[in-house]
Amino acid sequence: MSVAMTRGVLFVHSAPTALCPHVEWAIGSVVDKRTDLDWTPQPAAPGMFRAELSWLGAPGTGAQLASTLRGWAHLRYEVTEEPSQGVDGGRWSHTPELGIFHAVTDVHGNIMVSEDRIRYAYESGAGDPAAVYHELSLALGEAWDEELEPFRHAAEGAPVRWLHQVG
């Protein structure tokens with residue numbers, strides 16, 4: 001019987017120099033392998049550095065990476081995990097100001113908002129379109145996207161490194 005595998009990408013959008021080796025150690029503890037990232041300056045935040053890592057591992061690796069890095073001061077990151085057999089995909093976004101956001105994603109990377117979340121938006125809005133809009137904005141993680149977008153654009157053309165995990 002083969003072990004289900006999936007893949008994803010970790011985008012460290014900004015980290016202070018002193019935190020970079022700790023980020024590598026934390027990633028290594030999840031993937032059970034030493035990780036040396038190629039850190040480059042982050043133009044959107046002078047004095048900060050960025051790195052990307054494509055990974056291959058068991059379903060749930062994305063959640064483990066996001067949890068391991070969660071809550072660190074001055075660290076902005078995103079983790080994606082592609083769907084695999086019987087498991088939805090996911091995206092985790094983190095900023096120091098907003099904390100962590102998680103969304104289930106489809107095979108194209110689109111955020112999937114559940115029926116219950118949509119019903120909650122309608123019910124909590126109680127006829128107020130602005131309240132419904134606010135709840136749906138939260139469900140889509142728009143505040144995280146707005147904060148991270150300058151960091152994403154600053155990374156265009158950056159090298160990506162692949163990390164493969166066995167078993």
Side-chain angles (χ1 to χ4, degrees), residues 3-17 19-42 44-45 48-114 117 137-167:
V3 176
M5 299 294 276
T6 189
R7 62 181 155 194
V9 181
L10 166 64
F11 302 92
V12 179
H13 292 300
S14 70
T17 305
L19 196 55
C20 294
H22 299 283
V23 169
E24 290 178 1
W25 178 85
I27 294 166
S29 72
V30 171
V31 298
D32 217 15
K33 180 186 238 182
R34 181 185 162 102
T35 306
D36 294 314
L37 299 177
D38 295 323
W39 294 96
T40 59
Q42 172 52 274
M48 298 284 202
F49 290 84
R50 60 162 320 283
E52 294 180 16
L53 177 72
S54 293
W55 55 267
L56 177 67
T61 300
Q64 290 176 328
L65 287 167
S67 294
T68 298
L69 299 175
R70 186 183 78 196
W72 289 9
H74 309 293
L75 186 64
R76 289 177 182 85
Y77 67 88
E78 289 181 279
V79 180
T80 64
E81 179 172 312
E82 292 182 5
S84 55
Q85 188 170 0
V87 181
D88 292 325
R91 184 176 87 191
W92 296 262
S93 303
H94 178 270
T95 73
E97 295 79 18
L98 298 171
I100 198 161
F101 168 78
H102 171 257
V104 174
T105 58
D106 67 10
V107 296
H108 304 291
N110 297 307
I111 291 176
M112 306 299 292
V113 180
S114 72
R117 187 70 189 254
S137 176
L138 286 174
L140 293 170
E142 288 181 349
W144 286 263
D145 282 339
E146 288 172 10
E147 185 171 331
L148 292 172
E149 197 62 24
F151 296 90
R152 293 174 184 149
H153 284 294
E156 290 178 1
V160 177
R161 185 167 180 208
W162 279 93
L163 179 68
H164 299 279
Q165 178 181 2
V166 178

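Throughout, residue positions are numbered sequentially from 1 according to the sequence presented.
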Indicate whether the side chain of His13 and that of Gln42 have a donor and an acceptor atom separated by less than 3.5 Å. no

Name all residues meeting the salt bridge (Lys or Arg N to Asp or Glu O under 4.0 Å) criterion together with Glu142; count only those two or more places apart in sequence or in a different chain, and write none if there are none. none

Are any non-hydrogen side-chain atoms of Leu140 and Phe101 less than 4.5 angstrom apart? no

The ring-ring contact (aromatic ring centres under 6.0 Å, His included) partners of Phe49 (sequence neighbours excluded) come to none

Write out all pairs satisfying salt bridge (Lys or Arg N to Asp or Glu O under 4.0 Å) with one or both partners inside residues 53-77, taking only residues at least two apart or from two chains. Arg76-Glu97, Arg76-Glu147

Counterpart residues, side chain to side chain contact (heavy atoms under 4.5 Å, CB included), relative to Ser29 (two or more places apart): Thr68

Is there a side-chain contact between Leu65 and Trp55, using heavy atoms and a 4.5 Å cut-off? yes

Please walk me through it: do Trp39 and Thr17 pass side chain to side chain contact (heavy atoms under 4.5 Å, CB included)? CA-CA 9 Å; Trp39 294 96; Thr17 305; over 6 Å; no

Smallest heavy-atom separation, Leu69 atom then Ala26 atom, equals CD2-CB, 4.0 Å

Taking the side chain as every heavy atom from C-beta outward, state whether Thr61 and Thr6 have any pair of such atoms under 4.5 Å apart. no

Under the rule for salt bridge (Lys or Arg N to Asp or Glu O under 4.0 Å), what residues qualify as partners of Asp145, not counting sequence neighbours? Arg91, Arg152

Could you tell me whether the side chain of Leu53 reaches within less than 4.5 Å of the side chain of Val31, counting heavy atoms only? no

Rounded to the nearest 0.5 angstrom, the CD1-NZ distance for Ile27 and Lys33 is 13.0 Å

State, yes or no, whether a side-chain contact exists between Ser14 and Arg50 at a heavy-atom distance under 4.5 Å. no

Write down the atom of Trp144, the atom of Gly99, and the distance for their closest heavy-atom approach. NE1-O, 3.1 Å

Which residues share a salt bridge (Lys or Arg N to Asp or Glu O under 4.0 Å) with Glu24, sequence neighbours left out: none

Closest non-hydrogen atom pair, Ser54 against Val9: OG-CG2, 3.7 Å

Show every ring pair (Phe, Tyr, Trp, His ring centres under 6.0 Å) that has at least one partner inside residues 70-90, sequence neighbours left out. Tyr77-His94

Within the 4.5 Å heavy-atom criterion, are Glu81 and Pro59 side-chain neighbours or not? yes

Only pairs under 3.5 Å count here: list side-chain donor-acceptor contacts from residues 102-111, not counting sequence neighbours, and write none if there are none.
from   : atom 1 : to     : atom 2 : distance (Å)
Thr105 : OG1    : Gly90  : N      : 3.1
Asp106 : OD1    : His108 : N      : 2.8
Asp106 : OD1    : Gly109 : N      : 3.0
Asp106 : OD1    : Asn110 : N      : 2.9
Asp106 : OD2    : Asn110 : ND2    : 3.2

Kindly compute the distance separating CG (Leu10) from OG1 (Thr80), expressed to the nearest 0.5 Å. 8.5 Å

Which atoms form the tightest heavy-atom contact between Val113 and Ala139, and what is the distance? CG1-CB, 4.0 Å

